[in-house]
Participant: 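One structure, as structure tokens, below. Some questions next.
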Amino acid sequence: MSPDPSVELQRIRELCLALPDTAERLSHGSPGFFINKGKFFAYFWHDHHGDGNTCVHVKTSGREEQAMLVEIDPACYFIPPYLGASGWIGMRVDLPDTDWERVADRIALSWQMIAPRRLLEVAKI
């Protein structure tokens, strides 16, 4: 768990808000990132219900992708409570070797999964 989650939150915020037509608002007490007038594509959680993690949650294509990611890197990926059943994956961002390019890629993929066609056509992601 990060001793100062504002550092990770700021990085996540910058990655999310750099994507087209995005905004931030609190959702169940945690920062969530969404496409304006649309759905959420990322959530930032810190020590949620005392789990000791500082993480970002992003969409996946479903259970198979979730299982593959957890198997590939169980220190980074996990199936989060509440959101996991809907195909979301958690990524720890408080590890000393956090790969921020990988985090940025997963956030961009999550955005693409929920972006309306009009945004996908103009986005260069």
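Computed from a predicted model, the values in this text were never measured in an experiment.
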Participant: Provide the closest heavy-atom pair for Ile107 versus Cys16 in the form atom of the first, atom of the second, distance.
Facilitator: CG2-SG, 3.8 Å
Participant: Under the rule for side chain to side chain contact (heavy atoms under 4.5 Å, CB included), what residues qualify as partners of Leu83, not counting sequence neighbours?
Facilitator: Tyr43, Trp45, His57, Pro80, Trp88
Participant: Treating Ile, Leu, Val, Met, Phe, Trp and Tyr as nodes and any side-chain heavy-atom pair under 4.5 angstrom as an edge, say whether Tyr77 and Phe41 lie in one connected cluster.
Facilitator: yes
Participant: Just by distance, with hydrogens left out, do Tyr82 and His48 show a side-chain donor and acceptor under 3.5 Å apart?
Facilitator: no
Participant: With side chain to side chain contact (heavy atoms under 4.5 Å, CB included) as the test, would you mind laying out the steps for Trp111 and Val58 before giving the verdict?
Facilitator: CA-CA 8 Å; Trp111 180 90; Val58 294; over 6 Å; no
Participant: My understanding is that a hydrophobic cluster links ILVMFWY residues whose side chain heavy atoms are under 4.5 Å apart, including indirect links. Using that, what else belongs to the cluster containing Leu26?
Facilitator: none
Participant: Which side-chain N or O atoms in residues 99-106 pair as donor and acceptor under 3.5 Å with protein atoms at least two apart or in another chain?
Facilitator:
unit_1: Asp99; atom_1: OD1; unit_2: Glu101; atom_2: N; d: 3.1
unit_1: Asp99; atom_1: OD1; unit_2: Arg102; atom_2: N; d: 3.2
unit_1: Arg102; atom_1: NH1; unit_2: Asp73; atom_2: OD2; d: 3.1
unit_1: Arg102; atom_1: NH2; unit_2: Asp73; atom_2: OD2; d: 2.9
unit_1: Arg106; atom_1: NH1; unit_2: Glu65; atom_2: OE2; d: 3.0
unit_1: Arg106; atom_1: NH2; unit_2: Glu65; atom_2: OE2; d: 3.0

Participant: Show me the pairs that pass salt bridge (Lys or Arg N to Asp or Glu O under 4.0 Å) and involve residues 49-63, at least two apart or across chains.
Facilitator: none
Participant: Of all the heavy-atom pairs spanning Thr98 and Arg92, show the shortest one and how long it is.
Facilitator: OG1-O, 4.2 Å
Participant: Test of understanding: clusters of I, L, V, M, F, W, Y form through side-chain heavy atoms closer than 4.5 Å, transitively. Do Val56 and Ile79 belong to the same one?
Facilitator: yes
Participant: Applying salt bridge (Lys or Arg N to Asp or Glu O under 4.0 Å) as the test, list every pair that has at least one member in residues 20-40; sequence neighbours left out.
Facilitator: Arg13-Glu24, Asp21-Arg118
Participant: Is there a path of hydrophobic side-chain contacts, each under 4.5 Å between heavy atoms of I/L/V/M/F/W/Y residues, joining Leu95 to Met91?
Facilitator: no
Participant: Test side chain to side chain contact (heavy atoms under 4.5 Å, CB included) on Ile89 and Val70 and set out the steps.
Facilitator: CA-CA 9 Å; Ile89 194 79; Val70 171; 3.8 Å; yes
Participant: Identify every side-chain donor-acceptor pair in residues 27-34 under 3.5 Å, counting partners at least two apart or on other chains, and give the distances.
Facilitator:
none

Participant: Taking side chain to side chain donor-acceptor pair (under 3.5 Å) as the test, write out the residues that go with Glu14, two or more places apart.
Facilitator: Gln10
Participant: Is there a donor-acceptor pair under 3.5 Å between the side chain of Asp47 and the backbone N or O of Gly52?
Facilitator: yes
Participant: Test of understanding: clusters of I, L, V, M, F, W, Y form through side-chain heavy atoms closer than 4.5 Å, transitively. Do Leu15 and Ile35 belong to the same one?
Facilitator: yes
Participant: What's the separation between atom CG in Leu109 and atom CD1 in Ile114, rounded to the nearest 0.5 Å?
Facilitator: 12.5 Å
Participant: Determine yes or no for a side-chain-to-main-chain donor-acceptor pair under 3.5 angstrom, with Thr54 supplying the side chain and Val93 the backbone.
Facilitator: no
Participant: Does the side chain to side chain contact (heavy atoms under 4.5 Å, CB included) test come out yes or no for Leu119 and Leu19, once each step is laid out?
Facilitator: CA-CA 10 Å; Leu119 281 179; Leu19 296 165; over 6 Å; no
